[in-house]
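Along the sequence shown, residues carry numbers from 1.
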Amino acid sequence: MKIYKTKSYAETVELACSLAENLPKGTVIGYLGDLGAGKTAFTAGLVKGLGIDADVSSPTFAICNEYRGAGKILYHFDMYRIDGWDDLYSTGFFDYLETDAYIAAEWSENIYGALPDDAVIIEISKLSDSEREIKIYNKGENR
């Protein structure tokens, strides 16, 4: 597990950007964190680090936003309203797992059992209005 502290939105974006540069295609990222913790900000950094030129927004109402560019695709899911396997199947989540696209899933605590064992977990805690503690580990690691 790696633990980082960021002191601004820009630092959170840059941390994610640097992480994205080394992620293999098909990586699944599961976010854990409260409302307003910075999950969408982290996704903006991933998109930037993957070389995709896109405006990132929360997929709260769309369930899934798609970002394409530079020969890469990132699917950004919001699992907040997912309540059980039937809901998860209805999102098409399992179909996306069979591609080489990147997947970033907010509110992964609602689908934790469905995440692949090699998923990268990004746990974000809000320390203050601008400060965040960000823990990064593989799902298979002990927390």
*Asks:* Within this structure, what is the OH-OG1 distance for the pair Tyr9 and Thr40, rounded to the nearest 0.5 Å?
*Replies:*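 Tyr9 OH to Thr40 OG1: 8.5 Å, rounded to 0.5 Å.
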*Asks:* Distance alone, cut at 3.5 Å: any donor-acceptor contact between the side chains of Glu11 and Tyr4?
*Replies:*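 No, Tyr4 and Glu11 have no side-chain donor paired with an acceptor closer than 3.5 Å.
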*Asks:* How are the rings of Phe94 and Tyr89 set to each other: parallel, tilted or perpendicular (split at 30° and 60°)?
*Replies:*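 Ring orientation, 0 to 90° scale: tilted.
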*Asks:* Just by distance, do the side chain of Arg132 and the backbone of Lys7 share a donor-acceptor pair under 3.5 Å?
*Replies:*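 No; zero donor-acceptor contacts below 3.5 Å.
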*Asks:* What side-chain donor-acceptor pairs closer than 3.5 Å can you find for residues 19-27, not counting sequence neighbours?
*Replies:*
{"residue": "Lys25", "atom": "NZ", "partner": "Gly71", "partner atom": "O", "Å": "3.2"}
{"residue": "Thr27", "atom": "OG1", "partner": "Pro24", "partner atom": "O", "Å": "2.6"}

*Asks:* Is there a side chain to side chain contact (heavy atoms under 4.5 Å, CB included) between Ile73 and Thr99? Walk through the geometry before answering.
*Replies:* CA-CA 10 Å; Ile73 303 170; Thr99 70; over 6 Å; no
*Asks:* Go through the steps for Ile134 and Ile122 under the test side chain to side chain contact (heavy atoms under 4.5 Å, CB included), then give the verdict.
*Replies:* CA-CA 7 Å; Ile134 301 169; Ile122 309 289; 3.9 Å; yes
*Asks:* Given the rule in the side-chain hydrogen bond (donor to acceptor under 3.5 Å, both in side chains) test, do His76 and Glu106 qualify, once you have shown the distances and angles that lead to the verdict?
*Replies:* CA-CA 8 Å; His76 182 198; Glu106 296 191 21; 2.7 Å; yes
*Asks:* Before you tell me yes or no, could you show the steps for Tyr31 and Glu123 under side-chain hydrogen bond (donor to acceptor under 3.5 Å, both in side chains), namely the whole-Å CA-CA distance, both residues' side-chain angles and the distance that decides it to 0.1 Å?
*Replies:* CA-CA 6 Å; Tyr31 293 114; Glu123 190 174 334; over 6 Å; no
*Asks:* Is there a donor-acceptor pair closer than 3.5 Å between any side-chain N or O of Asn65 and the backbone N or O of Ser57?
*Replies:*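 A pair under 3.5 Å: yes.
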*Asks:* Checking the side chain of Lys126 only, and the main-chain atoms of Leu35 only, is there a donor and an acceptor separated by less than 3.5 Å?
*Replies:* no
*Asks:* For a quick test of reading the model, state the closest non-hydrogen atom pair linking Asp118 to Asn138 and the distance between them.
*Replies:* O-OD1, 4.1 Å
*Asks:* So which atom in Gly30 and which in Ser108 form the shortest heavy-atom distance, rounded to 0.1 Å?
*Replies:*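 Of all heavy-atom pairs spanning Gly30 and Ser108, the closest is CA-OG, 3.1 Å.
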*Asks:* Check whether any side-chain N or O of Thr43 sits under 3.5 Å from a backbone N or O of Lys39 as a donor-acceptor pair, and report yes or no.
*Replies:*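 Checking the backbone N and O of Lys39 against the side chain of Thr43, a donor-acceptor pair under 3.5 Å is found.
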*Asks:* Centroid separation under 6.0 Å, is that true for the rings of Tyr96 and Phe77?
*Replies:*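 Ring centres of Tyr96 and Phe77 closer than 6.0 Å.
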*Asks:* So Lys139 and Tyr112, do their side chains get closer than 4.5 Å, heavy atoms only?
*Replies:*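 Yes; the side chains approach each other to less than 4.5 Å.
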*Asks:* Please name the pair of heavy atoms, one in Asp34 and one in Trp107, separated by the smallest distance, quoted to 0.1 Å.
*Replies:* C-CH2, 3.9 Å
*Asks:* If I compare all heavy atoms of Gly38 with all of Thr12, which pair ends up nearest, and what's the gap?
*Replies:*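 Distance-wise, the nearest heavy atoms are O-CG2, 4.3 Å.
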*Asks:* Is the shortest side-chain N to carboxylate O distance from Arg68 to Glu66 below 4.0 Å?
*Replies:*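 Yes, this pair counts.
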*Asks:* Taking only residues two or more places apart in sequence or in another chain, which ones pass side chain to side chain contact (heavy atoms under 4.5 Å, CB included) with Ser130?
*Replies:* Ser128
*Asks:* Please test Phe42 against Leu15 for side chain to side chain contact (heavy atoms under 4.5 Å, CB included), starting from the C-alpha separation and ending with a verdict.
*Replies:* CA-CA 8 Å; Phe42 205 93; Leu15 174 63; 4.1 Å; yes
*Asks:* Atom SG of Cys64 and atom CG of Leu74: how far apart are they, to the nearest 0.5 Å?
*Replies:*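 That separation rounds to 8.5 Å.
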*Asks:* Does the side chain of Ile82 reach to within under 4.5 Å of the side chain of Thr91, using non-hydrogen atoms?
*Replies:* yes
*Asks:* Write out all pairs satisfying salt bridge (charged side-chain N to carboxylate O under 4.0 Å, His left out) with one or both partners inside residues 74-89, taking only residues at least two apart or from two chains.
*Replies:* none
*Asks:* Going by heavy atoms in the side chains, are Leu127 and Lys5 under 4.5 Å from each other?
*Replies:* yes
*Asks:* Nearest 0.5 Å please: distance from the OH atom of Tyr102 over to the CG atom of Leu46.
*Replies:*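 So the OH of Tyr102 and the CG of Leu46 are separated by 10.0 Å.
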*Asks:* Indicate yes or no for a side-chain donor-acceptor contact from Lys135 to the backbone of Ile124 under 3.5 Å, with no hydrogens or angles considered.
*Replies:*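 It does not hold such a pair.
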*Asks:* Quick one: pull up CD1 in Ile29 and CD1 in Ile121 and give me the separation to the nearest 0.5 Å.
*Replies:* 9.5 Å
*Asks:* Measure across Val13 and Ala41 and return the closest heavy-atom pair with its distance rounded to 0.1 Å.
*Replies:* CG2-O, 3.6 Å
*Asks:* Is the number of heavy atoms from other residues, nucleotides or ligands within 6.0 Å of CG (Asp100) greater than 12?
*Replies:* yes
*Asks:* In Å and rounded to the nearest 0.5 Å, what is the CG to CZ distance from Leu88 to Phe93?
*Replies:* 6.0 Å
*Asks:* So which heavy atom on Pro116 is nearest to which on Leu97, and how close?
*Replies:*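 Minimum heavy-atom separation between Pro116 and Leu97: CG-CD2, 4.2 Å.
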